[in-house]
Engineer: 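Here's a structure for you.
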Amino acid sequence: MAVGVRDETAREDMFPHDWENMFFYCDDPQRTRRYMEIIKAVFDNTVEGIVITDAAGTIRMVNSAFSAITGYSREEIIGGNPRVLKSDRQPKEFYDEFWRRLRTEGRWEGEIWNRRKSGEVYPEWMVCTALFDEKGEPEYYISVFNDLSEVKFKDAQIELRSNYDVLTGLPNKETFRARLAEEIRRAGDARRFAVLVFDINRFKNVNDTLGHFIGDALLKSVGVFLADCAGEGSTVSRIGGDDFHILLPEARTPEEIAARVKKLIACLREPMEVEGYKLFVSASIGISVYPDDGTDPDELLKRADIAMSKAKEGGISSFRFFTEELERHASLRLTLENALREGLDRDEFLMHYQPKYCIRRGHLSGAEALLRWSRPDGLVGPADFIPLAEETGLILPMGGSVFRMVCSQIAEWRENGGPEGEVAVNLSPRQFHQGNLLTRISALLKEYAIPPSSIGIEITESGIMENLTDSIKVLTGLKDLGMTIYIDDFGTGYSSLNYLKRLPIDALKIDKSFIDGVLEDTNDSAIVRAVIGIARSLGLRVVAEGVETREQLEFLRQNGCDEIQGYLLSRPLPPRDYKDFCNTSIPSFFGWFSGYTFC
Ligand code: C2E
Ligand code: MG
Ligand code: MG
């Protein structure tokens, strides 16, 4: 509708439809009253606060939302000045600009921080308009405002969630990266600083044994501990799992950095009280130094991570600085890991069999199956790839294929009159604690139709101790199937008599390192005698590994060792050679045995 034209519909329903109409009908008192009622309802019910002041700044009118937001009732604020709402958040220049715009343009809009009657400072979005008189002078000022505190709170919550770790409240990965980038910019060429990658050793054990609730509580405590101990100016961040990153901008020389990290490790010696448990935490810390080890966040973090992996090898709380040598090592490992994956896909793994000899009966007693990797430049022994396979989890498919190869070999020998006797298979800790080991082994035995007694299981003490309760369950299951259980490399691990008597095992294999010194070193000979004595008293058999000389064999024979395995008898052999070996005579110093009989 054109401005200045009376709206005849409005005449009928008494509704103005637009403001111009309202002014036209103001000569009608009844209408005017009705219109005023409408405006009053709008004024009173709007959620925005409204305040009207005169040109001198005296408050003439406020609405209910004004009182609800500011806390000032109509009675106490009318006649007063909006100055009472002023916070000290805005500088003088802000208000100068506010008034300049109002006077010249008649309008100001923006965010402003005011103070409620309670003293709380809060943000509002305000639109302030000036109403001018006939001479063009401001007569009234009308401010309409929204309380922004709730919106800001929600924004802050979103910001908190996207920038901080929910569990520990520490900055998250993205925030850490941003701060690291900022620190790099600030340091420029002028100074060094350190980046730390902090990883809790064996954290998985806490989760597995005490549950995730305690695991989470421990992570929170570690977060608090690190934030307290990392020192002034540092940023501690949780990246995920049990990984924390720390930025130490104040540590500038390698000596200062080492001193700070040593202090951190020293503080870790105290147990942490977590939900009623006293937990001892050990950690591995890798350090990279800006700019020596990198000039961008990714490089610095990658290199600190490489150093951390090296520190982790010790298993106790320790730290390592990044070196080029470590990087070369890490890159070799990566190449090896890829080659291992390809090797598995291409079936490059095969088994060798090392015979064992039973001293007492003078018979071959079976063999140990030992894994080999066939590479273009020759065979690679397990010491060069099993640790990495363990670490990367490749040991699981690898172990599965070892079992299949051994089962298939035994089935073939059984069918074609090959060597009898039990074949022992090595199980790595990770394989041993995988949930479905028993089911898998049973299924393979069934598939190849071979009796469980044709297979022995070798597991190391450390593999067992990783989770004793689980170990006892798995070992009992394997033994119930009818398999022989060996503790491998005995003497190099915990060697606790207490656990020995609790485990359902059949035999101990004395580690080669003791056999090596058995003739010259009185400690070694004493240990070997003691192990044989312990095994006797617990009703276990003893196998000596790594027997290389006739003299060692003689010592073991005299001291009551049951079986031996070593180069003196034979090196590990490919299946065909092992079969031939079992069919030929072996040297007479082994006793009266000759030929192919197994005990
Ligand atoms: P282990 O189970 O203690 O095996 C005995 C190791 O000693 C074998 O090394 C064997 O070749 C070596 N050995 C035996 N007699 C003598 C000797 O008279 N002199 C010397 N110098 N060495 C001797 P190998 O084959 O290199 O295996 C090393 C380790 O790798 C094994 O130690 C075992 O822990 C692990 N391993 C081997 N095969 C497998 C497998 O299939 N799965 C898993 N998880 N680990 C395996
Ligand atoms: Mg073994
Ligand atoms: Mg061994």
Side-chain angles (χ1 to χ4, degrees), residues 45-50 63-72 85-91 94 108-128 143-186 195-198 200 203 207 211-247 249 272 274-275 297-298 301:
N45 292 303
T46 182
V47 290
E48 278 91 15
I50 302 177
N63 68 346
S64 333
F66 172 92
S67 301
I69 295 172
T70 63
Y72 290 101
L85 302 170
K86 215 169 145 186
S87 74
D88 299 322
R89 286 264 180 124
Q90 287 89 204
F94 175 90
W108 180 91
E109 176 171 357
E111 192 178 305
I112 184 164
W113 287 79
N114 272 342
R115 192 184 297 279
R116 300 188 216 274
K117 189 181 171 189
S118 62
E120 183 196 347
V121 173
Y122 69 101
E124 42 177 63
W125 188 261
M126 182 194 275
V127 179
C128 192
S143 299
V144 180
F145 58 89
N146 277 321
D147 185 348
L148 290 181
S149 28
E150 205 160 303
V151 179
K152 292 256 173 191
F153 177 72
K154 281 195 186 129
D155 285 354
Q157 292 281 88
I158 292 169
E159 143 133 359
L160 199 72
R161 249 178 253 139
S162 50
N163 293 337
Y164 291 84
D165 170 49
V166 180
L167 182 69
T168 58
L170 294 171
N172 65 11
K173 191 175 171 180
E174 287 72 29
T175 310
F176 185 84
R177 238 185 141 278
R179 292 203 191 163
L180 177 52
E182 174 58 20
E183 194 55 39
I184 290 173
R185 197 190 56 73
R186 263 195 269 161
V195 176
L196 272 51
V197 169
F198 177 104
I200 304 174
F203 174 70
N207 267 344
H212 285 261
F213 177 72
I214 303 291
D216 282 357
L218 176 64
L219 288 174
K220 274 193 228 169
S221 301
V222 170
V224 172
F225 160 82
L226 286 176
D228 282 353
C229 297
E232 202 138 312
S234 59
T235 296
V236 176
S237 150
R238 176 168 170 256
I239 301 310
D242 60 336
D243 297 338
F244 293 82
H245 287 175
I246 304 168
L247 178 64
M272 287 198 188
V274 178
E275 301 288 333
D298 287 339
L301 287 168

Engineer: Kindly check if the number of other-residue, nucleotide or ligand heavy atoms within 6.0 Å of CZ (Phe94) is above 12?
Structural biologist: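 Yes, CZ of Phe94 has more than 12 neighbouring heavy atoms, counting only those of other groups under 6.0 Å.
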Engineer: Ignoring hydrogens, what is the shortest heavy-atom contact between Thr168 and Leu219? Give both atom names and the distance.
Structural biologist: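 Taking Thr168 first and Leu219 second, the nearest heavy atoms are CG2-O, 3.8 Å.
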Engineer: So how far is it from Leu218 CG to Phe213 CZ, rounded to the nearest 0.5 Å?
Structural biologist: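 Taking CG in Leu218 and CZ in Phe213, the distance rounds to 12.0 Å.
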Engineer: What residues form a side-chain hydrogen bond (donor to acceptor under 3.5 Å, both in side chains) with Lys86, not counting sequence neighbours?
Structural biologist: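 Result, side-chain hydrogen bond (donor to acceptor under 3.5 Å, both in side chains) vs Lys86: none returned.
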Engineer: Between atom CH2 of Trp125 and atom CG of Leu148, what is the distance when rounded to the nearest 0.5 Å?
Structural biologist: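 Those atoms lie 8.0 Å apart.
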Engineer: What do the steps show when you test Trp113 against Asp88 for side chain to side chain contact (heavy atoms under 4.5 Å, CB included), and what is the final call?
Structural biologist: CA-CA 8 Å; Trp113 287 79; Asp88 299 322; over 6 Å; no
Engineer: Is Phe145 close to Val127 at the side-chain level, that is, under 4.5 Å between some pair of heavy atoms?
Structural biologist: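 No. Closest side-chain heavy atoms not under 4.5 Å.
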Engineer: My understanding is that only residues two or more places apart in sequence, or in another chain, count here; which of them pass side-chain hydrogen bond (donor to acceptor under 3.5 Å, both in side chains) with Arg89?
Structural biologist: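 Testing Arg89 for side-chain hydrogen bond (donor to acceptor under 3.5 Å, both in side chains), a comparison that skips the adjacent residues, returns none.
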Engineer: If you compare all heavy atoms of Leu167 against all heavy atoms of Lys220, which two are closest, and at what distance to 0.1 Å?
Structural biologist: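 Distance-wise, the nearest heavy atoms are O-CG, 3.4 Å.
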Engineer: Leu180 and His245: side chain to side chain contact (heavy atoms under 4.5 Å, CB included), yes or no, with the steps?
Structural biologist: CA-CA 10 Å; Leu180 177 52; His245 287 175; over 6 Å; no
Engineer: Quick one: does Phe225's side chain get under 4.5 Å of Val236's, heavy atoms only?
Structural biologist: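 Not touching, per the 4.5 Å side-chain cut-off.
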Engineer: Return each pair, listed once, that meets salt bridge (charged side-chain N to carboxylate O under 4.0 Å, His left out) where at least one residue sits in residues 164-181; pairs must be two or more places apart or across chains.
Structural biologist: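 Non-adjacent pairs meeting salt bridge (charged side-chain N to carboxylate O under 4.0 Å, His left out): Asp165-Arg238, Arg177-Asp298.
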Engineer: Hey, mind stepping through Phe66 and Ile50 against side chain to side chain contact (heavy atoms under 4.5 Å, CB included) and telling me if it holds?
Structural biologist: CA-CA 6 Å; Phe66 172 92; Ile50 302 177; 6.0 Å; no
Engineer: So, using side-chain hydrogen bond (donor to acceptor under 3.5 Å, both in side chains) as the criterion, who are the partners of Asp147 when residues are at least two apart?
Structural biologist: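 Checked Asp147 against side-chain hydrogen bond (donor to acceptor under 3.5 Å, both in side chains); matches are Arg116, Ser149.
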Engineer: Quick one: are Phe244 and Val222 in side-chain contact, heavy atoms under 4.5 Å?
Structural biologist: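 Phe244 vs Val222: side chains touch.
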Engineer: Does any part of the side chain of Ile246, heavy atoms only, come nearer than 4.5 Å to the side chain of Thr235, both counted from C-beta?
Structural biologist: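 No - every pair of side-chain heavy atoms lies 4.5 Å or more apart.
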Engineer: When you compare the side chain of Ser237 with that of Asn172, does any pair of heavy atoms fall below 4.5 Å?
Structural biologist: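 With C-beta onward as the side chain, the pair stays apart.
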Engineer: List for me each residue that meets side chain to side chain contact (heavy atoms under 4.5 Å, CB included) alongside Glu150, sequence neighbours excluded, and say none if there are none.
Structural biologist: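 Counting only residues at least two positions away or on another chain, Glu150 forms a side chain to side chain contact (heavy atoms under 4.5 Å, CB included) with Lys154.
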Engineer: Is Phe198 close to Asp243 at the side-chain level, that is, under 4.5 Å between some pair of heavy atoms?
Structural biologist: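 Side-chain contact under 4.5 Å: no.
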Engineer: For the residue pair Val144 and Glu48, what are the closest heavy atoms and their distance?
Structural biologist: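 In terms of heavy atoms, the two residues are closest at CG1-CB, 3.5 Å.
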Engineer: Can you list everything that forms a side-chain hydrogen bond (donor to acceptor under 3.5 Å, both in side chains) with Glu124? Sequence neighbours excluded, please.
Structural biologist: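 Glu124 satisfies side-chain hydrogen bond (donor to acceptor under 3.5 Å, both in side chains) with Asn114, Tyr122 only.
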Engineer: Testing the basics here: between Pro249 and Ser234, what is the closest heavy-atom pair and its distance to 0.1 Å?
Structural biologist: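 Distance-wise, the nearest heavy atoms are CD-CA, 3.9 Å.
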Engineer: How close do Leu170 and Gly223 get, heavy atom to heavy atom, and via which atoms?
Structural biologist: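 Result for this residue pair: CD1-CA, 3.8 Å.
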Engineer: Please report the shortest heavy-atom distance between Ser87 and Val121, naming the atom on each side.
Structural biologist: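 Closest pair (atom of Ser87, atom of Val121, distance): CB-CG1, 3.9 Å.
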Engineer: Side-chain contact, heavy-atom cut-off 4.5 Å: Thr70 with Lys117?
Structural biologist: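 Side chain of Thr70 against side chain of Lys117, heavy atoms only: no contact under 4.5 Å found.
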Engineer: Under the criterion side chain to side chain contact (heavy atoms under 4.5 Å, CB included), I'd like the reasoning laid out for Tyr72 against Leu85: C-alpha separation, chi angles, the key distance, then a yes or no.
Structural biologist: CA-CA 10 Å; Tyr72 290 101; Leu85 302 170; 3.7 Å; yes
